[in-house]
Engineer: 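Below you will find the structure I want to go over with you.
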Amino acid sequence: MKACVVVFPGSNCDRDVQVALSNVIGGPVEMVWHGDSEMAATDLIVLPGGFSYGDYLRSGAMSARSPVMREIIARAERGVAVLGICNGFQVLTEAGLLPGALLPNAGLKFVCRDVRVRVENSQTPFTNSYEQGQVLSIPVAHHDGQYFAEPHTLDAMRTGDQIAFRYDDDNPNGSLDDIAGIFNQRKTVLGLMPHPERAADALHGGTDGRGLLQSLVAALA
Amino acid sequence: MAAPTAGACCKAWWPLLRNEPDITAAVVAEHGLSEDEYRTILNVLGREPNLTELGIFSVMWSEHCSYKSSKVWLKTLPTEAPWVICGPGENAGVVDIGEGKAVIFKMESHNHPSFIEPYQGAATGVGGILRDVFTMGARPIANMNALRFGAPEDPKTRHLVAGVVAGVGGYGNCVGVPTVGGEVNFDPAYNGNILVNAMTVGLADVDKIFYSAAAGIGNPVVYVGSKTGRDGIHGATMASAEFDDATEEKRPTVQVGDPFTEKLLIEACLELMATDAIVAIQDMGAAGLTCSSVEMADKGGVGLDLDIDQVPQRETGMSTYEVMLSESQERMLMVLRPGAEDIARKIFEKWQLDFAVVGKVSNTGRFIGRAGGEVVFDIPVRPLVDESPEYERPWVKTEAPAPLGKIAAPMDHMEALQTLLAGPDLSSRRWVWEQYDHTVMADTVRKPGGDAAIVRIHGSNRGLAVATDCTPRYCRAEPEAGGAQAVAEVWRNLTAVGARPLAITDCLNFGNPERPEIMGQFVGCIQGMTAACRALDFPVVSGNVSLYNETHGQAILPTPAIGGIGVLDDLGRFADLALRREKDIMLLVGHTKGHLGQSIYLRQLLNRDDGQAPAVDLSAERRNGDFIRNLIVEGWVDSCHDLSDGGLLVAAAEMALAGGIGLALSGPNDAGFWFGEDQGRYLIAVPETALGLVLQRAEEREVAVQTIGITGGEALTLNASTPISIAELRRCHESWLPGYMANA
């Protein structure tokens with residue numbers, strides 16, 4: 001399986017997810033510079049967490065217009081798997097690859113802690129190693145993680161099984177309907193606020209995030 | 001200037017600068033220079049300085065940059081050990097941790113700006129200390145901070161806490177360096193002067209460490225990072241004076257930070273450092289371009305020519321004075337190998353940062369600036385540094401307090417425990433550290449809230465433990481005991497997780513050194529620190545002094561904040577404070593006399609701050625610590641907590657809370673036993689199978705141990721008291737700070 005991680009100016013979880021993925025894949029994971037307009041063939045594109053462009057304007061807004069994003073949008077349309085974590089999720093909504101938006105946390109403060117998240121759809125390339133309804137403990141670390149979508153969008157997402165994860169009685173940011181992560185309609189793009197790469201080896205104090213990466217290897221390898 | 005006229009004769013040749021005031025006595029005083037100091041300037045130059053030169057002298061000779069009151073005492077601190085690669089004097093201290101790796105770390109104050117503008121003051125404090133560390137070639141891997149605020153009742157405290165915490169988080173979170181721990185204290189002595197001490201720890205290869213000594217006559221001097229603006233002019237001078245009613249007007253001297261640019265600067269510098277382009281590098285911190293240029297030239301024994309017109313500027317019409325004294329953030333100065341400009345420029349342009357060749361290394365020994373083709377300042381480097389004032393300030397020894405008499409317990413011990421856990425001193429700091437990203441970089445092994453934070457050394461199975469500590473109320477009562485205690489407690493914090501303590505950085509926060517009693521506190525603390533550093537083989541490798549923390553003559557508590565690092569050779573074996581099993585035996589390690597003088601118990605429950613500080617028996621400290629560390633690294637003990645503020649019962653409750661397991665304790669019905677703050681003690685939970693070995697070894701090593709309880713259940717009990725559930729204890733412990741901050 002080939003995977004790559006996109007590096008925007010201000011990305012700061014790029015190395016973290018690269019390490020976690022390459023441990024699961026058992027091979028190298030490429031880094032792709034945001035200014036590049038070309039990208040080698042790959043099975044998975046990861047948009048990492050961080051503060052790309054300093055979150056200036058709106059988090060994710062400027063990165064969504066980076067040169068590399070045109071190529072990523074084209075690949076996503078062809079069905080290549082795209083995973084956006086935290087800031088990567090924000091970029092995906094800004095780029096129109098996922099519906100809705102991420103607003104500043106309801107508490108207006110940065111929040112970094114382990115949260116309980118429930119797997120809402122385990123029949124996807126991102127979640128096949130989890131049980132339906134399984135509750136995971138994974139850290140969040142964000143200031144703008146309050147998911148919002150218009151009522152009709154939300155309805156469509158619910159009927160289309162697009163809700164990937166919900167906070168399990170543990171909503172840290174005021175997200176609508178406790179949403180922690182969502183898929184596109186085809187389940188080839190996932191954006192989520194929790195950081196699976198920070199719950200990927202025993203020294204992290206938990207390995208619940210590793211299953212997401214293992215699911216991808218099982219589905220795409 | 002009326003009196004000294006030595007240089008007046010030479011004034012004529014100097015180009016007359018536009019709009020520059022004459023150098024009058026008032027202008028000299030505004031620059032914080034004494035008449036004597038000005039006389040020295042005239043001697044050094046052999047003429048009268050122009051305004052820019054006066055500004056350069058003023059910042060270089062400010063307390064903040066020159067350490068003129070403290071230098072003579074700082075020299076007495078132990079700074080050497082076989083594992084020390086670089087001690088004080090560079091941007092940060094460097095310690096060899098084996099396997100080709102070095103740890104580079106330092107703690108620095110940003111007190112004055114944080115009081116004036118808490119968000120930006122704290123944020124730029126974090127930015128500044130990060131730069132000190134990555135300047136030397138290290139990737140920053142952990143941030144810590146030691147924060148001290150005024151009384152909770154003071155009308156400004158809430159606003160300052162909110163601003164400082166948001167600022168620390170705002171900066172550290174964005175650059176992507178985990179903030180893994182620290183301290184937050186409250187005391188009315190900080191009402192007018194809060195303390196914001198930030199520490200960064202970085203990791204480098206031992207053969208890839210960068211220093212600041214300029215070398216190579218003719219080599220290009222390069223400026224990278226953000227543009228220079230008008231912010232922060234005279235920050236160093238502001239930080240060298242007391243506050244008064246006009247403090248609010250000093251807001252323009254506070255710098256504004258941009259962590260996004262800092263993140264780019266880290267990546268660009270580390271990328272360039274992987275090549276061989278850099279000869280020397282120095283960040284622009286206090287006193288900006290002036291201090292960085294002068295230090296680089298002085299360390300290399302060379303001169304430096306700067307072309308001010310080449311300095312990237314944010315605003316038009318900036319004077320040379322403003323460019324040289326600006327403290328705009330996220331800027332670095334470097335000397336490159338000849339011909340390396342293109343490689344370097346490419347990297348910085350990729351990261352969208354300014355890059356400009358602003359000068360060259362010269363053989364003149366002079367620091368010369370040109371603007372519009374004309375010389376605008378010309379100062380000999382050596383005297384600018386060497387002739388800087390150094391004072392042996394008069395000091396008086398702090399009078400020893402009377403011992404505390406007998407204390408009648410004001411309430412039942414369990415009620416006292418709940419009151420303490422729910423009070424400002426000992427309540428949970430979760431509200432603070434959940435606003436800091438403490439898991440980014442995915443190497444955080446133990447989160448904030450324990451004795452020491454642990455981060456993995458990336459790509460290995462080894463860990464680095466980091467702790468900060470200081471007990472200012474001990475330092476006020478008995479500076480020498482307090483100084484020793486601060487060092488010993490950091491050593492103990494590191495030991496309690498199983499780490500081998502290696503070295504410390506200090507951040508010495510005091511009042512006005514021109515007052516002999518304040519200077520006495522400073523001297524006492526240094527003497528105590530020195531003794532502890534020696535006894536524990538725990539040298540000082542970097543540090544910072546912040547004086548004049550006074551408002552209207554009211555000084556802060558003497559606060560020598562200490563930050564220490566230690567190494568864990570195997571992350572398979574370490575301890576933390578959480579209880580892990582039922583039926584473990586609780587052992588109290590170290591000698592308990594029941595010392596309540598200067599304790600939290602006395603302060604919070606009886607509203608008294610008298611008595612002696614607890615003495616630190618340094619040989620017992622070492623003996624007990626080595627005993628504990630060996631038990632942990634050999635795998636016998638994995639649950640350990642050092643005893644500090646609040647004493648034994650508080651420590652036991654914290655272990656129960658962290659593990660979610662109850663405890664049954666028994667012992668004398670004496671407040672001193674349960675709440676005394678005797679030093680050199682630990683509480684460990686020992687599995688029954690290991691008990692025999694632990695007790696036998698304690699006897700062999702002459703370490704005092706006593707059994708005080710057993711783990712299990714869902715409540716804490718003490719002798720025949722009514723049990724308190726862990727849930728209730730947690731409610732006490734977690735409620736104070738969020739409740740306090742919610743009332744904003």
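Quick note on labels: first sequence line is chain A, next is B, and so on, each numbered from 1.
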Engineer: Quick one: what part of B:Val165 sits under 4.5 Å from any heavy atom of chain A, side chain, backbone, both or neither?
Structural biologist: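 Nothing of B:Val165, per the 4.5 Å heavy-atom cut-off to chain A.
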Engineer: For B:Trp351 and B:Glu271, does a side-chain donor sit closer than 3.5 Å to a side-chain acceptor?
Structural biologist: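 Indeed, the side chains of B:Trp351 and B:Glu271 share at least one donor-acceptor pair under 3.5 Å.
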Engineer: Taking atom types as modelled and ignoring hydrogens, do the side chains of A:Arg58 and A:Gln90 form a donor-acceptor contact shorter than 3.5 angstrom?
Structural biologist: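 Judged by distance alone, the side chains do not pair up.
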Engineer: Which bit of B:Lys350 is near chain A, if near means a heavy-atom gap under 4.5 Å: side chain, backbone, both or neither?
Structural biologist: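 It is both, since atoms from each part get that close.
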Engineer: Could you tell me whether the side chains of B:Asp258 and A:Tyr56 share a donor-acceptor contact shorter than 3.5 Å?
Structural biologist: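 Short answer, yes.
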Engineer: Evaluate the side-chain proximity of A:Phe165 to A:Leu190: yes if any heavy-atom separation is below 4.5 Å, no if none is.
Structural biologist: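 Yes, close enough: below the 4.5 Å cut-off.
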Engineer: Who among B:Arg430, B:Glu262, B:His438 has the most heavy-atom pairs with chain A under 4.5 Å?
Structural biologist: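 Answer, by heavy-atom pair count under 4.5 Å with chain A: B:His438.
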Engineer: Would you please say whether a donor-acceptor pair under 3.5 Å links the side chains of B:Thr439 and A:Arg198?
Structural biologist: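 A pair is found: one side chain offers a donor N or O, the other an acceptor, under 3.5 Å apart.
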Engineer: Name the option with the most non-hydrogen atom pairs under 4.5 Å to chain A; the candidates are B:Leu264, B:Val445, B:Val440.
Structural biologist: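 Ranked by contacts with chain A, first place is B:Val440.
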Engineer: So which residue, B:Thr444, B:Asp443, B:Asp437, B:Leu571, ends up with the most heavy-atom pairs under 4.5 Å with chain A?
Structural biologist: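 Maximum pair count with chain A is reached by B:Asp437.
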Engineer: Determine the option with the most heavy-atom pairs under 4.5 angstrom with chain A, choosing from B:Ile266, B:Val177, B:Asn173, B:Ile454.
Structural biologist: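 Most pairs with chain A among the choices: B:Asn173.
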Engineer: Any idea how B:Phe260 and A:Tyr53 line up, ring-wise: parallel (<30°), tilted (30 to 60°), or perpendicular (>60°)?
Structural biologist: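 Taking A:Tyr53 first and then B:Phe260, their aromatic rings sit tilted (interplane angle of 30° to 60°).
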Engineer: Quick one: what part of A:Pro139 sits under 4.5 Å from any heavy atom of chain B, side chain, backbone, both or neither?
Structural biologist: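 The side chain, not the backbone.
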Engineer: Just so I understand: if I count every heavy-atom pair under 4.5 Å between each of A:Asp55, A:Asn87, A:Leu203 and chain B, which residue has the most?
Structural biologist: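 Of the options given, most contacts go to A:Leu203.
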Engineer: Pair A:Val46, A:Val6 - check side chain to side chain contact (heavy atoms under 4.5 Å, CB included), show working.
Structural biologist: CA-CA 6 Å; A:Val46 181; A:Val6 181; over 6 Å; no
Engineer: Identify which part of A:Val140 has an atom lying under 4.5 Å from any heavy atom of chain B, answering side chain, backbone, both or neither.
Structural biologist: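 Contact with chain B: none, neither part.
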Engineer: By a 4.5 Å heavy-atom criterion (distance strictly below it), what part of A:Asn23 contacts chain B: side chain, backbone, both, or neither?
Structural biologist: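 When you check distances to chain B, no heavy atom of A:Asn23 falls under 4.5 Å.
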